[in-house]
Amino acid sequence: MEGTESMIWIAIGIIIAALVMDLIIGDPRWIPHPVIGMGKVISRLERIIRSTYVEPKSLKKAGILLPVVVVGGSFLLTWIIITCLYNIHPWIAWSAEAIFIATTIAVKGLKDAGMEVFRHLREGDLPAARQALGMIVGRDTAHLDEPEIVRGTVETVAENIVDAIISPLFYALIGGAPLAMAYRAVNTLDSMVGYKNDKYMNLGWASARLDDIANYIPARLTALLLIMCSWLLRLDYIRAARTIRRDARLHPSPNSGFPESAVAGALGIRLGGENVYHGVASFRAYMGEATRALEAKDIMTTARLMVTVSVLFIVIGSLILWSIGGTLWVY
């Protein structure tokens with residue numbers, strides 16, 4: 001029993017340490033990030049596949065190789081590294097595990113990106129705010145007014161609560177750093193080849209589908225956590241729940257609508273509308289109700305929600321880990 005309890009405390013400690021590390025130092029540019037390595041591998045594999053397969057049907061079959069190699073390789077490599085370090089000393093392995101998990105989450109990075117836009121808006125510098133927003137979204141930002149800049153920032157922060165925080169932490173709780181790193185590989189694949197266009201329709205379909213599957217449960221957990229955090233922060237948690245139920249399914253993504261609709265309801269704002277990508281307008285379904293105009297402070301409130309959700313998930317996840325009386329992944 002004592003051994004089992006120790007394993008649980010170690011697992012909880014590793015997850016907490018990972019979150020604290022991310023909150024304090026984020027992703028320093030001078031430290032090589034695993035996602036950069038994943039991106040290079042994906043690009044190399046894409047070139048090899050395209051040089052070998054040309055026909056659409058062949059490319060579609062070959063598209064399965066990308067998640068198998070990249071996701072499976074990320075899991076296996078991380079597991080081998082941590083296992084080898086454990087043979088040297090457990091504390092070294094536990095520290096490495098926390099560092100690996102910290103690289104899969106981006107609470108500080110997401111918060112800093114949103115708050116940079118907020119600071120420029122507060123200073124009345126719209127060109128700088130547009131430029132800062134352009135660093136974190138794919139839409140054209142050159143001609144956006146302040147409410148549209150706020151909308152773009154709130155939508156991006158809300159959507160990435162799942163991809164950049166809850167999903168990697170969810171998989172870290174289940175399978176430690178190897179599974180968290182595998183999830184990050186899934187997400188990186190989707191961001192690079194998971195587009196529904198002529199170039200990636202066949203090659204990227206498996207990567208896009210796997211990302212949808214991997215985020216399915218975390219997205220819905222995030223929606224529940226956002227309702228709880230809306231109550232904690234004295235926002236409109238009842239409207240958040242109602243907006244999720246009504247609007248989440250309207251989003252083109254099967255998962256992104258849950259955090260976006262929750263935030264829209266909690267803040268009493270309306271998200272969605274017309275976005276422009278490379279000069280082409282695209283309309284996204286509205287989420288929430290426009291009870292008031294969008295304001296710069298909505299970015300700050302969304303950032304507060306994001307941080308609160310992150311901490312609450314760790315608390316609840318630790319309690320669940322404790323209640324089941326064991327863990328699957330402490331070596």
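For reference, positions follow the sequence shown, starting with 1.
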Novice: Give the C-alpha distance, both sets of side-chain angles, the deciding distance and a yes or no for side chain to side chain contact (heavy atoms under 4.5 Å, CB included) between Leu45 and Leu65.
Specialist: CA-CA 9 Å; Leu45 281 174; Leu65 290 174; over 6 Å; no
Novice: Quick one: CG on Leu224 to SG on Cys229, what's the gap to the nearest 0.5 Å?
Specialist: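 Output value for this atom pair is 11.0 Å.
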Novice: In the structure I gave you, are the side-chain heavy atoms of Lys199 and Val193 within less than 4.5 Å of one another anywhere?
Specialist: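 No, too far: nothing below the 4.5 Å cut-off.
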Novice: Can you tell me how far CD1 of Ile320 sits from CD1 of Ile12, rounded to the nearest 0.5 angstrom?
Specialist: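 Ile12 CD1 to Ile320 CD1: 11.0 Å, rounded to 0.5 Å.
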Novice: Is the shortest distance from a Lys or Arg side-chain nitrogen in Lys297 or Glu295 to a carboxylate oxygen in the other one below 4.0 Å?
Specialist: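 Salt bridge: yes.
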Novice: If you look at every heavy atom in Ala240 and Ile227, which pair is closest and at what distance?
Specialist: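 For Ala240 versus Ile227, the nearest heavy atoms are CB-CG1, 4.4 Å.
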Novice: For the CZ atom of Phe118 and the CE atom of Met115, what is their distance to the nearest 0.5 Å?
Specialist: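 Reported to 0.5 Å precision, the distance equals 5.0 Å.
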Novice: Is it true that atom CZ of Arg246 has more than 12 heavy atoms of other residues, nucleotides or ligands lying nearer than 6.0 Å?
Specialist: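 Yes.
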Novice: Determine, stepwise, if the pair Val70 / Thr188 fulfils side chain to side chain contact (heavy atoms under 4.5 Å, CB included).
Specialist: CA-CA 10 Å; Val70 178; Thr188 305; over 6 Å; no
Novice: How far does CG of Leu23 sit from CG of Leu19, to the nearest 0.5 angstrom?
Specialist: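 It is 4.5 Å, given to the nearest 0.5 Å.
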Novice: Measuring only between side-chain heavy atoms, which start at C-beta, is Ile299 closer than 4.5 Å to Val154?
Specialist: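 The answer is yes, as the side chains (C-beta and beyond) meet within the 4.5 Å cut-off.
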Novice: Donor-acceptor pair, Asn187 side chain versus Asp163 backbone, under 3.5 Å?
Specialist: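 No, because the side chain of Asn187 does not come within donor-acceptor range (under 3.5 Å) of the backbone of Asp163.
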Novice: Could you tell me whether the side chain of Asn215 reaches within less than 4.5 Å of the side chain of Tyr183, counting heavy atoms only?
Specialist: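 Yes, their side chains come closer than 4.5 Å.
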Novice: Do the side chain of Glu260 and the main chain of Ala158 share a donor and acceptor less than 3.5 angstrom apart?
Specialist: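 Not at all, since once roles are kept as given, no pair shorter than 3.5 Å links the two residues.
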Novice: Between Ser58 and Val54 (side chain of the first, backbone of the second, donor and acceptor by atom type, cut-off under 3.5 Å), is there such a pair?
Specialist: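 No; zero donor-acceptor contacts below 3.5 Å.
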Novice: Could you check whether any side-chain N or O of Thr141 sits under 3.5 Å from a backbone N or O of Leu133, counting only pairs where one atom can act as donor and the other as acceptor?
Specialist: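 Judged by distance alone, no pair lies under 3.5 Å.
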Novice: Are more than 12 heavy atoms from other residues, nucleotides or ligands located less than 6.0 Å from atom CD of Glu123?
Specialist: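 Yes.
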Novice: With clusters defined by side-chain heavy atoms of hydrophobic residues (ILVMFWY) lying less than 4.5 Å apart, directly or transitively, does Val186 cluster with Ile42?
Specialist: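 Linked within one cluster.
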Novice: Give a yes or no answer on whether the side chain of Trp205 reaches the backbone of Lys60 with a donor-acceptor pair at less than 3.5 Å.
Specialist: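 Between the backbone of Lys60 and the side chain of Trp205 there is a qualifying donor-acceptor contact (under 3.5 Å).
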Novice: Show me the pairs that pass salt bridge (charged side-chain N to carboxylate O under 4.0 Å, His left out) and involve residues 104-115, at least two apart or across chains.
Specialist: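 Listed by first then second residue: Lys108-Asp112.
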Novice: About how many Å separate CD1 of Ile25 and CE of Met21, when rounded to the nearest 0.5 Å?
Specialist: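 Rounded to the nearest 0.5 Å, the CE-CD1 separation comes to 7.0 Å.
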Novice: Check whether Thr83 reaches the backbone of Ile80 with its side chain - one donor and one acceptor, N or O, closer than 3.5 Å.
Specialist: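 It does not hold such a pair.
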Novice: Is the Tyr200 ring parallel, tilted or perpendicular to the Tyr195 ring (thresholds 30°, 60°)?
Specialist: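 Plane angle between 30° and 60°, so tilted.
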Novice: Test your reading of the model: is there a side-chain donor-acceptor pair from Thr78 to the backbone of Ser74, 3.5 Å cut-off?
Specialist: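 Answer holds: yes.
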Novice: Check whether any side-chain heavy atom of Ile49 lies under 4.5 Å from a side-chain heavy atom of Leu66, and answer yes or no.
Specialist: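 SC-SC contact between Ile49 and Leu66 confirmed.
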Novice: Treating Thr104 as the side-chain partner and Ile101 as the backbone partner, does any N or O pair qualify as donor plus acceptor under 3.5 Å?
Specialist: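 Confirmed, Thr104 side chain pairs with Ile101 backbone.
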Novice: Quick check against the 3.5 Å criterion: does His33 have a side-chain atom that pairs as donor or acceptor with the backbone of Thr103?
Specialist: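 Yes; at least one donor-acceptor contact below 3.5 Å.
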Novice: Is Leu267 close to Arg292 at the side-chain level, that is, under 4.5 Å between some pair of heavy atoms?
Specialist: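 SC-SC contact between Arg292 and Leu267 confirmed.
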Novice: Looking at every non-hydrogen atom in both residues, tell me the closest pair between Ile82 and Pro178 and how far apart they are.
Specialist: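 What the structure gives for the nearest pair is CD1-CD, 4.2 Å.
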Novice: Does Glu146 CD have over 12 foreign heavy atoms under 6.0 Å away?
Specialist: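 Counting neighbours around CD of Glu146, more than 12 heavy atoms of other residues, nucleotides or ligands fall under 6.0 Å, so yes.
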Novice: Do the side chains of Met300 and Val263 join up, straight or via other hydrophobic residues, at under 4.5 Å, putting them in one cluster?
Specialist: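 Looking at the clustering, Val263 is in the same group as Met300.
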Novice: Counting only heavy atoms not in Asn197, do more than 12 sit closer than 6.0 Å to its CG atom?
Specialist: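 Above 12, so yes.
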Novice: Does any non-hydrogen side-chain atom of Arg239 lie less than 4.5 Å from one of Glu289?
Specialist: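 Yes - at least one pair of side-chain heavy atoms lies under 4.5 Å apart.
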Novice: May I have all residue pairs that pass ring-ring contact (aromatic ring centres under 6.0 Å, His included) and include part of residues 259-302, sequence neighbours excluded?
Specialist: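 Residue pairs passing ring-ring contact (aromatic ring centres under 6.0 Å, His included), neighbours aside: Phe283-Tyr286.
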Novice: Tell me, yes or no, whether the heavy-atom count around Ile92 atom CD1, taken from other residues, nucleotides or ligands under 6.0 Å, exceeds 12.
Specialist: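 Buried by this count: over 12 neighbours within 6.0 Å.
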Novice: Can you list every pair that meets salt bridge (charged side-chain N to carboxylate O under 4.0 Å, His left out) and has a residue in residues 130-139, with sequence neighbours left out?
Specialist: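 Applying salt bridge (charged side-chain N to carboxylate O under 4.0 Å, His left out) to every pair that reaches into residues 130-139, excluding sequence neighbours, yields Arg139-Glu155.
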Novice: Quick check: closest heavy atoms across Leu110 and Val157, and the distance to 0.1 Å?
Specialist: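 Shortest heavy-atom contact: CD2-O, 3.7 Å.
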Novice: Ser261 and Ile244: side chain to side chain contact (heavy atoms under 4.5 Å, CB included), yes or no, with the steps?
Specialist: CA-CA 5 Å; Ser261 60; Ile244 293 168; 3.6 Å; yes
Novice: Under 4.5 Å between any side-chain heavy atoms of Met306 and Thr302, yes or no?
Specialist: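 Result no, sub-4.5 Å side-chain heavy-atom pair not found.
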Novice: State, to 0.1 Å, how close Val162 and Ala219 come at their nearest heavy-atom pair, and which atoms those are.
Specialist: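 It is CG2-CA, 3.8 Å.
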Novice: When you check the gap from the basic side-chain N to the acidic O, do Glu148 and Arg151 get nearer than 4.0 Å?
Specialist: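 Salt bridge flag = yes for Arg151 with Glu148.
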Novice: Return the OG1 to CG distance between Thr243 and Leu250, rounded to the nearest 0.5 Å.
Specialist: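 Going from the OG1 atom of Thr243 to the CG atom of Leu250 covers 11.0 Å.
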Novice: Could you tell me if the side chain of Met181 sits less than 4.5 Å from the side chain of Pro34, heavy atoms only?
Specialist: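 Yes, side chains in contact.
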Novice: Taking Asp125 for the side chain and His120 for the main chain, is one N or O donor matched with an acceptor at less than 3.5 Å?
Specialist: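 Side chain of Asp125 to backbone of His120: no pair is present.
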Novice: Start with the C-alpha distance between Phe313 and Ile165, add both sets of side-chain angles, then the distance that settles side chain to side chain contact (heavy atoms under 4.5 Å, CB included), and finish with yes or no.
Specialist: CA-CA 10 Å; Phe313 179 80; Ile165 303 170; over 6 Å; no
Novice: Do you reckon Ile166 sits in the same ILVMFWY cluster as Leu210, going by side-chain contacts under 4.5 Å, direct or chained?
Specialist: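 Different clusters.
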Novice: Check for me, please, whether Val20 and Ile105 land in the same ILVMFWY cluster - side-chain distances under 4.5 Å, paths through other members count.
Specialist: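 Yes, one cluster joins them.
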Novice: Under a 4.5 Å side-chain heavy-atom rule over Ile, Leu, Val, Met, Phe, Trp and Tyr, are Val69 and Phe75 clustered together?
Specialist: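 Different clusters: Val69 never reaches Phe75 through Ile, Leu, Val, Met, Phe, Trp or Tyr contacts under 4.5 Å.
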Novice: Can you name the closest pair of heavy atoms from Pro147 and Leu294 and give their distance?
Specialist: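 Closest approach of Pro147 to Leu294: O-CD1, 3.5 Å.
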Novice: Minimum heavy-atom separation for Ala214 to Tyr171, with atom names?
Specialist: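 Closest approach of Ala214 to Tyr171: O-OH, 2.6 Å.
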